[in-house]
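Got a structure for you, written out below as structure tokens; questions coming shortly.
In this chain, numbering begins with 1 at the start of the sequence shown.
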Amino acid sequence: MKETIRLYDTQPYDTEFDAAILSSRSETPGEILVVLSATLFFPEEGGQTPDRGTLAGLRVADVQISRDLIITHTLKVDPKETDTALATILAPGQNVHGVLDWQHRYSNMQNHSGEHILSGLLHNLWGYENVGFRLSDNTVTLDTSGILSEGDLLSLEEKANEAVWSNVPITCEYPPEESLRHLDYRSKKEIDGRIRIVTIEGIDVCACCAPHVQRTGEIGLIKILAVDRSKDSTRLTIVCGRRALLEMQKRQRQLEKASHLMNEPQETISSGVQRLLTEVAELKETCRSREQQYLEARLAQIRAQFSGSSSLFGRDLYLFEQDLSVLSQRSFMNALCEMGWRFAGVFVGSDAGGWKYLIGGRGADARIPNGILRDAFQARGGGKPEMVQGTVMASEEALLRALSEKD
């Protein structure tokens, strides 16, 4: 079978086309695989997701290209209509009409062209190479072979957008082999067969198979959203064009909400956040101090209550509190264990919402009461002989009854 004529190479702005069906088959009910004589649908290739749209009125769910450049379209149909569609509208020899999802296609063109600008600048200014690229339906990730500082990133983003504003041409062509031998161009991998070169005037020359916009001004905006640094590389998450607009609108709405909630102007929102964090830290310290005072009072009360007891050996104490921090709960349990109780447990929570527990053992295996809770109430937790922790749903009364019956 001859390679598929790639209409998207020469007609990237077309949205409709007609072509002959060369083959059609179904390997799964509800899906039909179709090969055409020509197509506008860009397949999944070079790190970019495939185009969307319809063929013969059926949704194109996937587009793939083989090593011999044959492009296969996966169409979605009603499973019950699979055989009928194969025998009629999708029979080999039939002509079909294809319609591209233009908004999706153009968004990909804007973002892929924007990535070329960034990669070209990284190569020209820092000598870094593009070592990874993924254009999904939402964002673009670009892996470059070096580390970028905050200052580098600001400079890169500014220069990239200056390239957009300069509105220079972007050309896509298959140069003759003789010209290629003398052409200095970027390429992420070895390419067999004809090489398609995408040139952004004064910025980048790169081998690429995807559709691009005709001028940089069509990209609109290039925005770096996130940066992840590894030992010797940097991953940039970017958005361009309409995606950049939508992302900035989304972030603006979040900024407006935060500004309103904190009663702070958007321009100084970080100061408001810092003030809020300081207030939270002060409140936490106050709560910690109050909890410590409460625990000291409770321990004094318990010591007074059991001061007349000759020995606590072989006796257990389980206390139930509505609200304690994890650190205070552990501190409370440790203090009780030091008093000499065989098992000392602190349960924090409520009958309705459940309990988080810590149980310590003084010369005894704390896993014993934990097993009782697990068997009786399907408690979830575990630990070592010295201490166990977990969660349980039961009433305080039922828990105390089960734990007191263990002997």
Side-chain angles (χ1 to χ4, degrees), residues 257-258 260-264 272-309 312 314-407:
K257 289 179 181 179
H260 176 73
L261 289 170
M262 293 192 300
N263 194 29
E264 184 80 25
V273 172
Q274 184 59 58
R275 184 184 69 249
L276 184 62
L277 290 174
T278 300
E279 292 174 358
V280 169
E282 291 172 350
L283 286 172
K284 284 183 176 180
E285 181 58 28
T286 299
C287 289
R288 189 202 65 77
S289 177
R290 298 286 172 80
E291 274 196 345
Q292 186 60 35
Q293 293 173 15
Y294 170 76
L295 291 183
E296 290 173 357
R298 286 285 282 130
L299 287 168
Q301 182 184 52
I302 293 167
R303 291 190 185 98
Q305 181 180 351
F306 293 98
S307 61
S309 302
L312 298 178
R315 300 175 65 181
D316 309 329
L317 180 66
Y318 297 103
L319 300 177
F320 292 79
E321 301 287 341
Q322 288 187 349
D323 188 24
L324 279 181
S325 68
V326 174
L327 289 177
S328 292
Q329 183 184 13
R330 185 180 291 269
S331 175
F332 197 9
M333 183 209 68
N334 288 336
L336 293 172
C337 288
E338 290 173 3
M339 291 173 62
W341 300 95
R342 178 177 60 172
F343 296 123
V346 179
F347 290 72
V348 177
S350 65
D351 288 355
W355 301 92
K356 295 179 180 179
Y357 62 84
L358 288 173
I359 302 174
R362 179 84 171 185
D365 192 337
R367 292 175 298 184
I368 295 173
N370 188 68
I372 293 170
L373 296 177
R374 187 171 57 247
D375 294 341
F377 308 108
Q378 293 76 52
R380 303 182 66 178
K384 299 179 179 180
E386 298 80 17
M387 190 200 77
V388 295
Q389 61 183 338
T391 59
V392 63
M393 283 295 299
S395 67
E396 177 181 343
E397 180 183 357
L399 290 168
L400 285 172
R401 184 168 58 248
L403 290 167
S404 65
E405 293 174 353
K406 68 180 181 299
D407 294 331

- Output for pair (D323 CG, E291 CD), nearest 0.5 Å, gives 6.5 Å
- Taking the side chain as C-beta and beyond, is there a heavy-atom pair between E396 and L399 under 4.5 Å?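 No, every pair of side-chain atoms sits at 4.5 Å or beyond.
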- Between atom CZ of F332 and atom CD of Q292, what is the distance when rounded to the nearest 0.5 Å? 11.0 Å
- Message: Is any side-chain heavy atom of I302 closer than 4.5 Å to one of M339?
- Response: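 SC-SC contact between M339 and I302 confirmed.
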- Looking at CD of E296 and OG of S331, how far apart are the two atoms once the value is rounded to the nearest 0.5 Å? 9.0 Å
- Task: Side-chain contact test, heavy atoms from C-beta onward, threshold under 4.5 Å: evaluate it for M387 versus R330 and give yes or no.
- Result: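 Counting from C-beta outward, M387 and R330 do come under 4.5 Å.
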- Query: Are any of the side-chain heavy atoms of E321 and R298 separated by less than 4.5 Å?
  - Reply: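 They are in contact (side-chain heavy atoms under 4.5 Å apart), so the answer is yes.
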- Answer yes or no: is there a donor N or O on one side and an acceptor on the other, between the side chain of S328 and the main chain of L324, under 3.5 Å? no
- Just how far is it from atom CG of L261 to atom CG of L276, taken to the nearest 0.5 Å? 10.0 Å
- Query: Any side-chain heavy-atom pair from L373 and F347 closer than 4.5 angstrom?
  - Reply: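 Of all side-chain heavy-atom pairs linking F347 with L373, at least one is under 4.5 Å.
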- Residue list, side-chain hydrogen bond (donor to acceptor under 3.5 Å, both in side chains) with R275, at least two apart or on another chain: E264
- Query: Got a second to check how far F377's CZ is from I372's CD1, nearest 0.5 Å?
  - Reply: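 F377 atom CZ to I372 atom CD1 measures 10.0 Å (nearest 0.5 Å).
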- How about L317 and F343: do any of their side-chain heavy atoms sit closer than 4.5 Å?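 Heavy-atom side-chain distance check fails, nothing below 4.5 Å.
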- Task: State whether the side chain of N370 and the backbone N or O of V388 hold a donor-acceptor pair below 3.5 Å, judged by distance alone.
- Result: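 No.
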- Donor-acceptor contact below 3.5 Å, side chain S404 vs main chain R401: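 Here the side-chain-to-backbone pair exists.
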- Heavy-atom neighbours of Q322 CD exceed 12 at 6.0 Å: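 Count not over threshold, so no.
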- Query: Any side-chain heavy-atom pair from L358 and V326 closer than 4.5 angstrom?
  - Reply: no
- Run the ring pair (Phe, Tyr, Trp, His ring centres under 6.0 Å) check on W341 and Y318 step by step: do they pass? CA-CA 10 Å; W341 300 95; Y318 297 103; 9.4 Å; no
- For side-chain contact (heavy atoms from CB on, under 4.5 Å), just list the numbers for V392 and Y357, CA-CA rounded to whole Å, side-chain angles, deciding distance to a tenth of an Å, and then say yes or no. CA-CA 8 Å; V392 63; Y357 62 84; 4.0 Å; yes
- For the pair R290 and Q293, evaluate side chain to side chain donor-acceptor pair (under 3.5 Å) and give the outcome as yes or no after the intermediate values. CA-CA 5 Å; R290 298 286 172 80; Q293 293 173 15; 4.8 Å; no
- Message: Show the nearest heavy-atom pair for residues G361 and C337, with the distance to one decimal.
- Response: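 Distance-wise, the nearest heavy atoms are N-SG, 4.4 Å.
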- Message: Just verifying a value: how many Å separate R342 CZ and R315 CZ, rounded to the nearest 0.5 Å?
- Response: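 Reported to 0.5 Å precision, the distance equals 11.0 Å.
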- Message: Looking at N263, I'd like to know if its CG atom is crowded, meaning that more than 12 non-hydrogen atoms belonging to other residues, nucleotides or ligands lie closer than 6.0 Å.
- Response: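 It does not: N263 CG has 12 such atoms or fewer within range.
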- When you measure from the side chain of E386 to the backbone N and O of G360, does any donor-acceptor pair fall under 3.5 Å?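 Not at all, since once roles are kept as given, no pair shorter than 3.5 Å links the two residues.
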- Message: Could you tell me if the side chain of V346 sits less than 4.5 Å from the side chain of L336, heavy atoms only?
- Response: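 Yes; the side chains approach each other to less than 4.5 Å.
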- Query: Is it true that R288 and E285 have a side-chain N and a carboxylate O under 4.0 angstrom from each other?
  - Reply: yes
